[in-house]
Structure formats: structure tokens, C-alpha cells
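Please read these numbers as outputs of a predicted model, since none were measured by experiment. As a basis for the values below, the full set of heavy atoms in this structure was taken, side chains included, without hydrogen atoms, waters or symmetry mates. Reminder, nothing fancy here: chain letters follow the sequence lines and each chain counts from 1.
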Number of protein chains: 2
Amino acid sequence: MIRQPIRIIRKRKTREEILELSTPLFARHGYDGVSMRDIAAAVGLTQAALYYHFADKNQLYLDAVAYEFRERVAALKDMLAGNGTPWKRLECFVAGLARMMASDKDFLRLVQWVLLDTNEARQSTLAKQVFRDMFVAVHDLASELDPHVDAHLLAMSIFGLVIFHFQAGATRKFMPGRRPQQDNPEVLARHVCDLLRGRLASADGEAR
Amino acid sequence: MIRQPIRIIRKRKTREEILELSTPLFARHGYDGVSMRDIAAAVGLTQAALYYHFADKNQLYLDAVAYEFRERVAALKDMLAGNGTPWKRLECFVAGLARMMASDKDFLRLVQWVLLDTNEARQSTLAKQVFRDMFVAVHDLASELDPHVDAHLLAMSIFGLVIFHFQAGATRKFMPGRRPQQDNPEVLARHVCDLLRGRLASADGEAR
DNA sequence: GTCTATACGACGATAGAC
DNA sequence: GTCTATCGTCGTATAGAC
């Protein structure tokens, strides 16, 4: 009665192990760039064994992405759930999102793969399962921040400001004005929040 | 003397035809998602003929992307070259970039593929050949807009605000607050410019 | 320049033993 | 649940005729 639950915890199910070990592969190389053989090798199984746990490659990919996203999305929603002023909650969320994107490259890349996917079934499944909840929370915050602005556009802009910065991370190396501290998520978060609060210095000093 | 140039214009070189017809394929399905057979079929050649014009698939891809980017990047740089106030030039650029991203999905997707590429040689080649010039121009504009802000970060934010909106175009369909006019590049451009000018209504009305 | 033919490895997926 | 073995297809790339 004591041993049983311990054993369950220590020896993880093969299915979960496959999900966990295949996500970094899909994140780095995309759906077409990863073969069932690659995944099998990473898990330490033969390729045929994967078909016992998943109907086909597509289903494995779908389950892997959903599995990887579940906990991150929950964490992001928590950041938005506080009860400070809307601007305080925004700062908290932007900083948290920036930290996550900086530390978890695989998650960032999976987001990019999903956005690029041309398989409509796959994309709509993931959009609804994985993005929607998170977007709704930011959308609601956006309409609190400014009831007169288009909340959909503002929410998208908040995501875009943070995510695009990290998306461009590799190519930014070759761009002028690059300094190491720009990779610090706190620095980016401050920049984004300042921008959203309208603190570009000369914005009001110019002819209108 | 008259015929010769006419003939040159009318009958395009096979090499250029390959470049032009392969970019939409690469844009939609990425490097791994397009085979030499696919490209050959699109051009109306056999697969073997492609190897007369390009050393291998990688070189064909590199040339195709560079070819596609050349004219768009030139157009974008033109938008930045005017001699109005910095804010006027920003508005002009943002509107132009938004129009381009809205009308030319293939270009947008190629940008995404390049950002996701894990092949370092390919990515650094394209970053320098294709992104750098455009970024420099926006970077310089950014430092004119506000000499006290980090121009690198601001330039990246300007790109991110416009590009991410269209990147998320397909998944936005499933998000709340979606309205058809948000797909209008002029509407997005105005939103982005307002945001950059610090015109979120309650930004200053809130406890600071 | 473009063709046919082909080499040869990798792919997703299945059958059947254990 | 996992294995070995195999199927048919597709991938890049090359050789050599025209």
C-alpha cells in the first residue's frame, strides 16, 4: 500500500517519456524535420514501438505539443490572475512571458512552428487547445488598460512585442546596436512596458 | 539590334523561372517540406534538370530566398528614405510594411522560415544579405524618434508589432474580439503608430 | 539544357514473433 | 509492450544519351 504509489511515481509511463523527449526534437527541427526513427532513438525504443502508443506521427506531434504547452500556459495565466492594478498585472505578465521565452527556447520555437503550420486541422486544434485561454486573459486585461482601444489588437501587440524579440534572437546577432543586456528578459520587459505606457520621450514634442 | 533585347525580355531564363516558382513552395512548406521533385513539377522540368542550374537543394533555396527578398527590401528602404519628420517617416514605413505583409503572404512566411532556421550558415547568410540593410534603416529612424531610448530594441519592437500581427493571422481567427477590419493593413498601421506615440488613453490616468 | 535511368538511403507504417 | 523484418514510397543526387 505504500510501495505501489512510489513505484508509479518513480517509473514513468513510456507514453509520457515519448512525449517529453520528442518535444525538443520537434521544437528544433519541426514536424517534417523529425522522423519516427529520430524519436525512437531519443527514447531508446525501436521505431515500431511508437506505433503501439500513438496512431501515427501526426497524433504523436499533436499530443507532444499539447503536453508541452499545458503547464506553461497555466503558469502564464497565473501571472495574469493577481489583483493589483491593470498596469501592475501587465508588468507582471510581460516580465513573466519574457522570462519564459528567454529560458525556454523549445517553447518559443514550438509557438513559431504552430503559427507556420499549413495543416489546418493541426493548427486549429492547437490554437483552440493551447493559445485561446492565454489570449483571452490578455485580451481582458487589454480592455481594462484602455476601454477605448481595440482589445484584440492591443493583446496581439503585447504578445508580439515580447515574442518577436526572442524570435529574432539569432538574427539579432548580426544587427547594429546589439548589446548583451538586451538578452536580459528584465531589460526587455521594462522596454516593452515603457513603450506601452507611452513613454517614448519625443512622442509629444513633435509636430502633430 | 532591336530583336535581341525583346527576345531576352520575353523568354526568361530557366534559372530565374526556377527561382520564381520555387519561392511560393518554400514559403508554404519550408525547406524540408519541399522536394526537388515538387519544384521540378512546378517549373515543368524533370528533377535532374535542376542540378544543371544549381549545385544542390541548399543552394537553390538560398538563391530563391535572396531573389525573393531583394526587391521587397529595396521597396521598404525607399519608404524610409523620405525627408519628412521622423514620425511622418515612421507612419509611412509602418503602413508600407503592413501593406506588404498583408498582400504578400509568401514574403511573410519566408521571413518566419528564416527566423526558425537552425542551419547556422544559412541563417547568417540570409540575415546579413537580406535583413541587415532593412534593420539598419529602421534602427537609424528609431534613434531619431527618441535619442534616449535603446534604438536596437525600439527598431525590433516596430518590426515585431507589425510582423507578429500577420504571423498570428491564421490563429487569430479563433481568438475573441476578432473583427474583419483588423485585417486591413491601414487599421493595423494606425493602431501601431498610436501605440508608439503613447496614445493609450489611460496610460497617464493610472496610479504611477 | 534537358532527358531517361538508376543508385541508394530514409521515410511512415504494418505483420507477426516473443 | 517491444522486438525484428519488411513493404512500398519518396528523398537527393549522379551518369550518360540526345
Query raised in the report: Atom CG of B:L50 and atom C1' of D:dG11: how far apart are they, to the nearest Å?
Result: 14 Å

Requested in this report: Please report, rounded to the nearest Å, how far the C1' atom of D:dT2 is from the NZ atom of A:K13.
Outcome: 18 Å

Report summary line: Sequence neighbours excluded, the answer for side chain to side chain donor-acceptor pair (under 3.5 Å) partners of B:R179 is A:D150

Query raised in the report: Of all the nucleotides listed (D:dC3, C:dT2, D:dG1), which has the minimum atom distance to the side chain of A:Y52?
Result: D:dG1

Query raised in the report: If the sugar-phosphate is the primed atoms plus P, OP1 and OP2 and the base is the rest, what is the B/S/- string for nucleotides 12-18 of chain C, using protein heavy atoms under 4.0 Å?
Result: BBBB---

Report task. May I ask you to evaluate whether A:T14 reaches the phosphate of D:dG1, defined as a side-chain N or O under 4.0 Å from OP1 or OP2? Result -> no

Report task. List for me each residue that meets salt bridge (Lys or Arg N to Asp or Glu O under 4.0 Å) alongside A:E68, sequence neighbours excluded, and say none if there are none. Result -> A:R72

**Report entry** Selection: residues 18-26 of chain A, any non-hydrogen atom under 4.0 Å of DNA chain C
**Finding:** none

Query - Nearest-angstrom distance from the residue atom NE2 of A:H53 to C1' of D:dG1 - result: 6 Å

Query raised in the report: Among pairs that include at least one residue of residues 128-137 of chain B, which meet side chain to side chain donor-acceptor pair (under 3.5 Å), considering only residues two or more places apart or in two chains?
Result: B:K77-B:D133

Query raised in the report: Excluding sequence neighbours, so at least two apart, what forms ring pair (Phe, Tyr, Trp, His ring centres under 6.0 Å) with B:F26?
Result: B:Y61

**Report entry** Short side-chain N/O contact from A:T46 to OP1 or OP2 of D:dC3, under 4.0 Å
**Finding:** yes

Query raised in the report: Got more than 12 heavy atoms from elsewhere within 6.0 Å of CZ, B:R178?
Result: yes

Report summary line: Taken to the nearest whole Å, CG/B:D32 to C1'/D:dC10 is 14 Å

